[in-house]
Amino acid sequence: MNRKPIFAANWKMNKGPSETEDFVKSLLSKLQGSNFNSEIVIAPPFVSLAKLADQLHTATAVQNAHAIQIAAQNCSEYDSGAYTGEVSVLMLREFFVHYVILGHSERRSIFGETDAVINAKIKKAREANLKPIFCIGETLAEREGGKLEEVLRTQITGGLKDVSEKDLAEIVVAYEPVWAIGTGVTATSAQAQEAHAFVRSVISGLYGADAAGKIRIQYGGSVKPNNAAELMACPDIDGALIGGASLEPQSFFEIIRNGTQSA
Ligand code: 13P
């Protein structure tokens with residue numbers, strides 16, 4: 001199955017507009033002349049979306065830059081109205097946002113997002129034709145307690161409840177074991193591959209083998225330039241969702257380069 005790898009930078013609560021500008025200039029100069037057969041996505045904080053959109057638009061027009069897609073890190077499950085602090089999917093569309101990260105473990109554990117909330121956000125995102133990057137993953141206690149498969153199955157089934165096969169085709173899944181996020185501990189490629197194959201099998205059970213074969217599943221959790229190639233060489237790993245190492249243009253670039261070569 002030919003799945004185009006997708007490398008997404010999740011900046012979390014880092015980089016306002018001016019740092020975003022510096023980063024993009026530097027990344028574009030590194031990408032100049034290269035033509036990786038992969039998709040590149042940047043998810044800045046909301047307040048930096050306008051700057052990112054502006055710069056990418058100018059860069060694409062001026063120098064035929066490697067197309068970079070824009071992602072938001074969250075969206076509201078509501079359309080508009082009295083929801084202080086929230087941002088709607090239609091507002092995101094105005095900033096040329098194509099992807100939205102949903103269900104990240106930090107949103108689940110710190111902000112209390114449940115599978116039902118994540119499911120509502122996924123459906124709202126699809127109404128506006130945004131592509132969800134749907135994150136799932138187990139804690140260390142869950143893994144050590146033998147609950148890996150149960151946790152993943154529950155998150156997948158809950159998050160994708162009543163999502164059509166047509167909409168599934170526009171979703172990217174990100175498997176991010178919580179114990180590997182920001183810890184410097186990466187899942188071994190064998191652990192990651194095993195989990196990814198399981199995720200694909202659950203999706204196959206829900207939507208059939210064809211849909212499962214087409215969906216892209218990113219790995220996230222301490223991805224670095226020196227482990228990207230090995231992870232991306234695994235048959236069921238189709239890219240990476242990168243936190244810490246995406247904050248430096250050089251390491252993000254090296255992850256894309258090393259990962260694309262082995263994918
Ligand atoms: P790190 O790459 O910093 O471990 O973060 C992973 C992550 O949470 C990406 O969404």
Side-chain angles (χ1 to χ4, degrees), residues 5-15 19-20 23 27 38-46 48-49 52 68-75 97-113 118 121-122 125 130-140 142-143 151-152 155-156 159 171-189 191-192 195-196 199 216-232 234 237-260:
I6 172 166
F7 295 90
N10 176 10
W11 286 351
K12 309 190 178 183
M13 201 169 73
N14 295 289
K15 296 193 193 296
E19 282 182 283
T20 297
F23 180 98
L27 181 66
S38 56
E39 229 180 305
I40 302 174
V41 179
I42 298 178
F46 288 133
S48 299
L49 286 170
L52 183 59
I68 295 175
Q69 308 279 1
I70 304 174
Q73 295 178 17
N74 189 17
C75 70
V97 169
H98 282 99
Y99 286 95
V100 56
I101 298 173
L102 294 173
H104 193 280
S105 65
E106 288 148 19
R107 302 274 345 149
R108 292 176 189 263
S109 68
I110 305 170
F111 301 101
E113 289 193 10
I118 295 157
K121 290 185 176 193
I122 288 177
L130 293 178
K131 301 178 179 191
I133 296 179
F134 168 39
C135 304
I136 53 173
E138 82 290 359
T139 63
L140 189 58
E142 288 163 344
R143 175 174 276 264
V151 168
L152 294 181
Q155 290 177 342
I156 295 167
I171 292 175
V172 175
V173 174
Y175 168 66
E176 300 204 303
V178 178
W179 46 272
I181 294 177
T183 56
V185 181
T186 323
T188 63
S189 51
Q191 286 172 319
H196 280 232
V199 170
R216 292 179 295 178
I217 308 174
Q218 296 175 302
Y219 170 79
S222 298
V223 176
K224 309 277 181 241
N226 65 6
N227 59 23
E230 190 183 335
L231 286 163
M232 296 311 127
C234 297
I237 301 185
D238 310 309
L241 183 56
I242 307 132
S246 75
L247 295 173
E248 290 299 327
Q250 183 62 25
S251 55
F252 186 46
F253 171 78
E254 286 178 17
I255 289 170
I256 299 164
R257 184 195 61 198
N258 300 353
T260 305

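Counting convention: from 1, in listed order, for ligands and their atoms alike.
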Inset, instruction - Look up atom CG in N14 and atom OG1 in T20, then write down how far apart they are to the nearest 0.5 Å. - result: 10.0 Å

Inset, instruction - Locate the shortest heavy-atom distance separating N258 from P225; write the atom from each residue and the value. - result: ND2-O, 3.0 Å

Inset, instruction - Please check if atom CD in E230 has more than 12 non-hydrogen atoms from other residues, nucleotides or ligands closer than 6.0 Å. - result: no

Inset, instruction - Could you tell me whether the side chains of Q73 and H104 share a donor-acceptor contact shorter than 3.5 Å? - result: no

Inset, instruction - Give a yes or no on whether E248 atom CD has more than 12 heavy-atom contacts from other residues, nucleotides or ligands under 6.0 Å away. - result: no

Can you pull every nitrogen or oxygen pair between ligand 1 and the protein closer than 3.5 angstrom?
{"unit_1": "ligand 1", "atom_1": "2 (O)", "unit_2": "G243", "atom_2": "N", "d": "2.9"}
{"unit_1": "ligand 1", "atom_1": "3 (O)", "unit_2": "G244", "atom_2": "N", "d": "2.8"}
{"unit_1": "ligand 1", "atom_1": "4 (O)", "unit_2": "G182", "atom_2": "N", "d": "2.6"}
{"unit_1": "ligand 1", "atom_1": "4 (O)", "unit_2": "S222", "atom_2": "N", "d": "2.8"}
{"unit_1": "ligand 1", "atom_1": "5 (O)", "unit_2": "K12", "atom_2": "NZ", "d": "3.4"}
{"unit_1": "ligand 1", "atom_1": "8 (O)", "unit_2": "K12", "atom_2": "NZ", "d": "2.8"}
{"unit_1": "ligand 1", "atom_1": "8 (O)", "unit_2": "H104", "atom_2": "NE2", "d": "2.8"}
{"unit_1": "ligand 1", "atom_1": "10 (O)", "unit_2": "N10", "atom_2": "ND2", "d": "3.0"}
{"unit_1": "ligand 1", "atom_1": "10 (O)", "unit_2": "H104", "atom_2": "NE2", "d": "2.9"}
{"unit_1": "ligand 1", "atom_1": "10 (O)", "unit_2": "E176", "atom_2": "OE1", "d": "3.2"}
{"unit_1": "ligand 1", "atom_1": "10 (O)", "unit_2": "E176", "atom_2": "OE2", "d": "2.9"}

Legend entry - Residue of the set E138, Q218, H196 for which side-chain hydrogen bond (donor to acceptor under 3.5 Å, both in side chains) holds with Y175: E138

